There are 2 protein chains.
Amino acid sequence: MKTQLSKDALIGKLVDVVYDYGYDGTTLSVISEATGLGKASLYHHFPGGKEEMAAAVLAHSDRWGEARIGALLAGGLPAEQKLRGLFQALEEVHTRSHQLTLMNVFTYGAARQVFGAQVRSRVRAGLEVMAGLLHACGIPSPTAEARALDAYIQIEGAMVLARTLDDLEVFRAVVRRLPDALLAPPSGLTIDQLAARR
Amino acid sequence: MKTQLSKDALIGKLVDVVYDYGYDGTTLSVISEATGLGKASLYHHFPGGKEEMAAAVLAHSDRWGEARIGALLAGGLPAEQKLRGLFQALEEVHTRSHQLTLMNVFTYGAARQVFGAQVRSRVRAGLEVMAGLLHACGIPSPTAEARALDAYIQIEGAMVLARTLDDLEVFRAVVRRLPDALLAPPSGLTIDQLAARR
DNA sequence: GTCTATATAGGGATAGAC
DNA sequence: GTCTATCCCTATATAGAC
C-alpha cells in the first residue's frame with residue numbers, strides 16, 4: 001500500500017506520542033507502534049530522524065496557532081470575544097489529564113539544547129498576543145503584560161496539577177475562570193468574587 | 001578509597017541530575033559523570049538500579065519535607081508565619097531557572113507507571129497542609145482548599161515559565177506575592193492591589 | 001567500596017528488496 | 001512508500017578482581 005496514513009495524520013500521532021512520553025521517552029519503537037509504520041518508513045517521511053520528527057511536532061503547533069488563533073485574531077470580533085475564544089481553543093486541545101505541553105517537553109534535557117530557544121520565542125510571542133488583547137480590552141499596559149504572564153503561569157500550572165492529580169477538571173476550571181479574572185477592571189473585583197464566578 | 005562521597009552527598013548529586021534531565025534523560029552515564037562514580041559503584045549503592053535511584057530522589061524529597069517543613073509546622077510560630085516560612089523554603093530549593101519538579105519528572109512516560117501514584121499522594125498531602133494553614137489563618141474552609149490548589153498551580157506554573165524563559169525571577173516574583181494573595185480576607189483586596197504589593 | 005570488563009537489550013539510523 | 005535485515009552505539013545491569 002502506498003499510503004495508509006496521510007502526512008497530517010502521521011504528524012497527529014507523533015504529537016500525541018510526544019505529549020505523552022516527552023522527548024527522551026519518545027523512542028522510534030513507540031512511534032512505530034503508535035503509527036503502525038516500521039522504523040525505516042518513519043525515516044522515509046523524516047530523513048532527519050527523531051530530531052526532525054520533534055521539529056514536526058513544533059511546526060504542527062505553529063500551524064495550529066496560525067490557523068486556529070490567527071483566524072480568531074484576524075476576525076471581526078471585539079477584543080473581549082477574541083480573548084474568550086483563545087481560552088476556548090486552549091480547552092479544545094488539552095483533552096487528556098496526563099498530556100504534556102510544549103514547555104514541558106522541549107525545555108529540559110537533550111531537547112532544551114535543540115528546541116529551547118524556539119519554544120521561548122513562541123511563548124514570548126504568545127505573551128505579547130495576550131497582552132495586546134488585554135490592552136485592547138481596556139487594561140492599561142503594565143497591568144496587561146503582568147496579567148498575560150500570570151495567565152500563562154496558571155495555564156501551565158493547571159496542566160501540571162491536572163496531570164499529577166489525574167483530574168482534567170483542575171485544568172478546565174482554571175481555563176474557564178481566567179478570562180473574567182484577566183478582564184477585571186484594574187481595581188475591580190476581589191479574588192474571591194472572581195473565584196465565585198467560575 | 002572507601003568513600004569519596006557520603007550517601008547523602010551522592011543522593012544530592014542524584015537529585016540535581018534528575019531535576020535537570022528528567023527520568024528518561026537521566027542515564028547511568030550522566031549519573032556516573034556527575035558523581036564521579038563508575039556504573040558498577042552506583043549499583044553497589046543502589047542494587048535496584050535506576051528505579052531505586054529515582055526512588056531515592058523521591059525519598060530525599062520526603063526527608064527534606066519532614067525536616068524543613070515538619071520543623072516549621074511543629075514550631076511555635078503563628079500560622080501566618082508558618083505559611084510565609086513555607087514559601088521561603090520553597091524559594092530556597094528552587095535556585096536554577098531550568099530545574100524540574102517532582103510533578104514534572106515523575107508524572108508522565110515510564111516514570112508515571114512506577115511513581116505517579118506516590119507523587120499524587122504527596123501532592124494531596126501538601127494541599128491539605130497548605131489548606132490547613134490557611135484555615136488556621138482565618139480563611140473559611142472551602143476557600144482555603146481552593147486557594148491551596150491555586151497556590152500549587154501558580155507555583156508549578158511559575159517554575160515552568162521560569163524554565164522556558166530562562167528567568168528565575170518569574171518564579172521568585174510569584175512565590176513572594178503568593179502569601180499575601182492567599183491570606184487576603186475572603187472579600188478583601190483586589191487582584192491588582194495584591195499584585196502591587198510584590 | 002570502587003574498579004575493569006562484559007553481557008544483554010534497546011536506541012537511532014541505513015541499505016536495499018519489493 | 002513500506003518492509004526486513006542489519007549496523008553501530010548507548011543503556012541497563014552483572015561478574016569478579018582489587
Side-chain angles (χ1 to χ4, degrees), chain A residues 1-59 100 105-106 108-115, chain B residues 1-58 60 100 105-106 108-115:
Chain A
M1 220 172 295
K2 272 207 167 184
T3 312
Q4 299 183 314
L5 221 54
S6 73
K7 186 98 181 192
D8 273 3
L10 176 55
I11 292 177
K13 298 281 191 187
L14 222 46
V15 168
D16 287 346
V17 168
V18 166
Y19 284 8
D20 272 6
Y21 292 88
Y23 184 77
D24 290 317
T26 297
T27 66
L28 293 189
S29 301
V30 171
I31 298 175
S32 179
E33 193 170 358
T35 58
L37 289 177
K39 294 182 188 177
S41 305
L42 294 171
Y43 273 86
H44 170 76
H45 293 283
F46 305 98
K50 184 174 170 175
E51 193 170 311
E52 186 176 343
M53 299 181 208
V57 171
L58 246 177
L100 296 162
V105 167
F106 293 112
Y108 58 89
R112 183 177 179 92
Q113 262 58 44
V114 187
F115 298 107
Chain B
M1 221 172 294
K2 273 208 169 186
T3 312
Q4 300 182 314
L5 220 55
S6 73
K7 186 98 181 191
D8 272 3
L10 176 55
I11 292 177
K13 299 280 191 187
L14 223 45
V15 168
D16 287 346
V17 169
V18 165
Y19 284 8
D20 271 6
Y21 292 88
Y23 184 77
D24 290 316
T26 298
T27 66
L28 293 189
S29 300
V30 172
I31 299 175
S32 179
E33 192 170 357
T35 59
L37 288 178
K39 297 179 187 176
S41 305
L42 293 172
Y43 274 87
H44 171 76
H45 293 282
F46 305 98
K50 185 174 169 176
E51 193 170 311
E52 185 176 344
M53 298 181 208
V57 171
L58 247 176
H60 170 88
L100 296 162
V105 167
F106 292 113
Y108 59 89
R112 183 177 179 91
Q113 263 57 44
V114 187
F115 298 107

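Predicted, not measured: the structure shown is a model, and the values here were computed from it. In the text below, chain A, chain B and the rest are named by the order of the sequence lines, each starting its count at 1. All heavy atoms count here, side chains included; hydrogens, waters and symmetry mates do not.
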Distance, nearest 0.5 Å, that separates CZ of Phe106(B) from CG of Leu58(B): 5.0 Å
Nucleotides 7-12 of chain C: protein proximity per nucleotide (B base, S sugar-phosphate only, - neither; heavy atom, under 4.0 Å): ----SB
Polar-atom pairs under 3.5 Å, protein N or O versus N or O of nucleotides 16-18 of chain D: list them with distances, or write none.
none

Residue list, side chain to side chain contact (heavy atoms under 4.5 Å, CB included) with Thr27(A), at least two apart or on another chain: Ser29(A), Val30(A)
Please name all residues satisfying side-chain hydrogen bond (donor to acceptor under 3.5 Å, both in side chains) with Tyr23(B), sequence neighbours left out, ordered by chain then number. none
So, is His44(B) close to the dT2(C) phosphate, meaning a side-chain N or O under 4.0 Å from OP1 or OP2? no
Lys7(A), Met53(A), Glu52(A) screened by side chain to side chain contact (heavy atoms under 4.5 Å, CB included) with His45(A), the one that passes: Lys7(A)
Interatomic distance, Lys50(B) atom NZ to Leu42(B) atom CG [nearest 0.5 angstrom]: 12.5 Å
The criterion is side-chain hydrogen bond (donor to acceptor under 3.5 Å, both in side chains); which residues satisfy it with Asp20(B), sequence neighbours excluded? Arg96(B)
Taking CD from Glu52(A) and P from dA13(C), how many angstroms apart are they, rounded to a whole number? 11 Å
Donor-acceptor list for residues 9-19 of chain B side chains, cut-off 3.5 Å, not counting sequence neighbours:
none

Could you check how far CG of Leu42(B) sits from P of dT2(C), rounded to whole Å? 9 Å
What is the distance from CD of Glu33(B) to P of dT10(D), rounded to the nearest Å? 13 Å
Exercise: identify the closest heavy-atom pair between Gly109(A) and Gln113(A): O-OE1, 3.1 Å
Go nucleotide by nucleotide along DNA chain C from the 5' end; which of Ser41(B) and Met53(A) gets its closest nucleotide reached first? Ser41(B)
Leu37(A) CG to dA13(C) C1', straight-line distance once rounded to whole Å: 16 Å
